[in-house]
Amino acid sequence: MASDEFLPIKGMSDIISPEVSLWQLVESRAREVFHAYGLTEIRTPILEREELFIHSLGNTTDVVQKEMFTLDYQGKMRLTLRPEGTAGVIRSLAGAGPDGRQARVYYLGPMFRAERPQAGRRRQFHQIGAELTGEANPLADAECLAMQAHLLKAWGLSQCRIKINTRGLPEDRAVVADGLRTVLKPHLDGLCEDCRRRYEQNVLRVLDCKNPACGKIVEGLPSMTSFMSEASRSYFEEVQYALRLLNLEGEVTPRLVRGLDYYAHTVWEISHPGLGAQDALSGGGRYQIMMNGKPVDGVGFALGMERVLAALNAEGVHAEDLVLRPKAWLVSLGEAALKENLLLAMTLRRLGVACGMDLTARSMKAQMRAAGKSGAAYVLIRGDAEMEKGVFQVKDMVASKQEEQALPEIMSLLLPDITPPPAGG
RNA sequence: GUGGGUGUAGCUCAGUUGGUUAGAGCGAAAGAUUGUGGCUCUUUAGGUCGCGGGUUCGAUCCCCGUCACUCACCCCA
């Protein structure tokens with residue numbers, strides 16, 4: 001058992017092979033899909049001023065109240081490890097002037113929240129997200145959700161469930177909260193302890209309480225949308241129309257609530273049955289964030305990388321199958337062959353042929369075992385006899401066949417994809 | 001932050017109703033096969049039984065504390 005000093009900090013993990021292969025695959029497919037939609041990557045700092053998150057996420061949210069890693073920098077400022085990606089991206093885009101208000105960007109990277117770790121929840125976790133800024137437009141919301149569905153499909157996830165809802169116009173948020181409190185007030189005694197606290201602090205959360213008693217009370221209440229303005233309701237109708245146009249199934253879920261204050265209008269959540277208690281793969285929606293007194297509008301989503309990977313595992317995609325194997329393995333018998341093989345390995349690598357070898361001339365059996373374990377397709381064996389003739393014993397590890405070959409033949413075996421330079425070039 | 005579960009070899013786990021040298025499988029290293037991986041057989045290496053204290057003639061086992069991991073609540077992706 002590893003001693004504590006070799007372990008990373010609680011809730012943080014080293015990402016190593018073979019798992020890292022899956023990360024790379026997921027990230028590269030994501031880049032391809034984002035490119036197809038005209039998004040460019042944005043990389044913002046991991047450390048931001050604390051106020052940025054307090055103002056954009058809302059100072060009554062749990063994320064801000066008890067989950068942020070904040071440090072005091074020489075008594076001059078309070079710096080926070082970003083707990084989510086949107087706030088930093090919008091800060092950056094707002095600073096870019098008018099261009100930033102019509103931007104299409106994606107990001108990926110680590111986020112930090114000081115929660116107790118559990119399945120699907122780490123203190124350092126990773127998100128892939130997208131932000132499309134621009135004034136509220138139902139078509140933009142639908143496009144964003146469609147892009148996300150496309151992404152999940154590109155990863156090979158087929159069992160996702162999309163739930164959508166609306167929070168209405170930004171100015172409706174207070175009206176809805178007041179309305180809900182009014183109709184909930186007579187039932188206060190029947191609510192669970194948590195919900196009596198939520199009633200004060202974050203009344204929308206009462207709607208998705210898991211407690212059956214609370215659920216019963218909520219069922220009898222008028223829906224959230226009934227407190228909203230006509231404009232909010234018709235906006236949501238148009239979003240749903242656009243989703244049908246794009247052939248997307250979104251389950252309208254009136255009790256779906258997003259936790260952060262900046263959400264307005266369309267919100268959604270995508271869950272996966274293979275995940276356990278934290279079954280949300282992703283959340284997203286339209287938002288309006290005040291930056292320097294001016295509103296920035298946009299629509300976006302964030303996917304939890306670790307949860308995507310867990311979902312892929314649940315659907316039978318395993319990192320072990322994706323690990324890159326060397327094309328060749330060099331086996332050296334004797335010191336002279338060892339040195340010549342090192343030189344050959346460097347040459348092959350410059351030509352783009354991944355190859356490995358043992359740097360000691362230990363027993364052939366041991367070297368063959370290492371070759372087999374590496375998964376190399378071919379093994380090139382060279383000893384004194386081969387050195388003298390200028391040849392190699394070339395073993396095809398899959399077919400388990402071996403023949404003597406000279407270097408030119410070996411090159412065409414290892415470099416079959418090399419195309420001759422264009423004529424006249 | 002609250003509650004439950006688990007800490008024994010690199011990994012997965014047995015085990016001892018408290019008693020002498022703590023076991024297995026997998027993995028690793030070497031050999032059987034004097035220059036050939038996977039299958040088989042043999043051998044070897046590898047352990048402060050998470051850490052600290054208590055009870056006891058004696059604790060890996062019982063008790064207390066602590067730390068770590070893990071699951072769930074809360075919340076979120």
Side-chain angles (χ1 to χ4, degrees), chain A residues 1-13 57 60-68 83-86 108 110-129 148 192-195 197-198 201-202 204-205 208-211 257-260 263 268-272 275-285 300-311 329 331-334 337 358 361-386 392-402:
Chain A
M1 174 148 293
S3 154
D4 290 354
E5 62 249 50
F6 297 121
L7 292 172
I9 292 172
K10 185 202 253 313
M12 308 200 178
S13 317
L57 309 189
T60 62
T61 58
D62 279 29
V63 171
V64 166
Q65 281 194 339
K66 48 192 193 192
E67 295 172 6
M68 296 206 303
E84 57 93 63
T86 302
L108 44 89
M111 309 292 163
F112 302 83
R113 291 183 198 175
E115 303 173 273
R116 278 278 280 277
Q118 71 183 76
R121 177 197 289 160
R122 315 254 70 206
R123 287 183 165 193
Q124 175 176 331
F125 61 106
H126 298 77
Q127 287 190 339
I128 296 182
Q148 188 174 8
C192 70
E193 198 182 320
D194 284 328
C195 280
R197 176 179 53 79
R198 291 182 182 117
Q201 293 180 359
N202 194 351
L204 293 185
R205 278 281 163 206
D208 66 351
C209 181
K210 287 170 190 160
N211 187 310
V257 168
R258 306 261 67 223
L260 308 178
Y263 285 109
W268 63 84
E269 191 171 292
I270 300 180
S271 60
H272 192 279
L275 291 189
Q278 310 298 325
D279 69 345
L281 265 188
S282 170
F301 64 80
L303 289 137
M305 198 51 187
E306 285 81 354
R307 294 184 188 179
V308 168
L309 298 181
W329 193 272
V331 168
S332 327
L333 302 168
D358 224 296
R362 56 179 180 153
S363 78
M364 181 159 189
K365 186 183 194 63
Q367 292 189 60
M368 284 304 294
R369 240 201 318 264
K373 195 183 155 198
S374 79
Y378 298 98
V379 174
L380 313 184
I381 303 162
R382 176 147 73 164
D384 292 340
E386 287 79 12
F392 294 80
Q393 302 299 328
V394 179
K395 182 160 190 176
D396 179 329
M397 293 296 271
V398 179
S400 201
K401 280 183 189 157
Q402 180 171 321

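Order of the sequence lines fixes the chain letters, A, B, ..., with proteins taken first and strands second; residue numbering starts at 1 for each chain.
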So for [X] and [N], does any side-chain atom that can act as donor or acceptor lie under 3.5 Å from a complementary atom in the base?
| X | N | value |
| --- | --- | --- |
| R116(A) | C73(B) | no |
| K395(A) | G37(B) | yes |
| R197(A) | C74(B) | no |
| S363(A) | G35(B) | no |
| E386(A) | G35(B) | yes |
| R369(A) | U36(B) | no |

Q: Nearest-nucleotide wise, let me know which of A302(A) and G276(A) is further upstream toward the 5' end of RNA chain B.
A: G276(A)
Q: Round to a whole Å and report the spacing from NZ of K10(A) to P of C71(B).
A: 12 Å
Report, one line per pair, each donor and acceptor closer than 3.5 Å where one atom sits in a side chain of residues 361-368 of chain A; sequence neighbours left out.
residue: R362(A); atom: NE; partner: D358(A); partner atom: OD2; Å: 3.0
residue: R362(A); atom: NH2; partner: D358(A); partner atom: OD2; Å: 3.0
residue: S363(A); atom: OG; partner: A366(A); partner atom: N; Å: 3.2
residue: Q367(A); atom: OE1; partner: S332(A); partner atom: N; Å: 3.0
residue: Q367(A); atom: NE2; partner: S332(A); partner atom: O; Å: 2.8
residue: Q367(A); atom: NE2; partner: R362(A); partner atom: O; Å: 2.7

Q) With a 4.0 Å cut-off on heavy atoms, is A385(A) in touch with a base, just the backbone sugar-phosphate, or nothing at all? A) base
**Q.** Under-4.0 Å salt bridge between R122(A) and E306(A)
**A.**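 Here R122(A) does not pair with E306(A) in a salt bridge, since their nearest N and O are not under 4.0 Å apart.
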**Q.** Ion pair check, E269(A) and R258(A), cut-off under 4.0 Å
**A.** yes
Q | For RNA chain B, the dot-bracket pattern of Watson-Crick and G-U pairs whose distances stay under 3.5 Å, | for other-strand partners | A | (((((((..((((.....[...)))).(((((.......))))).....(((((..]....))))))))))))....
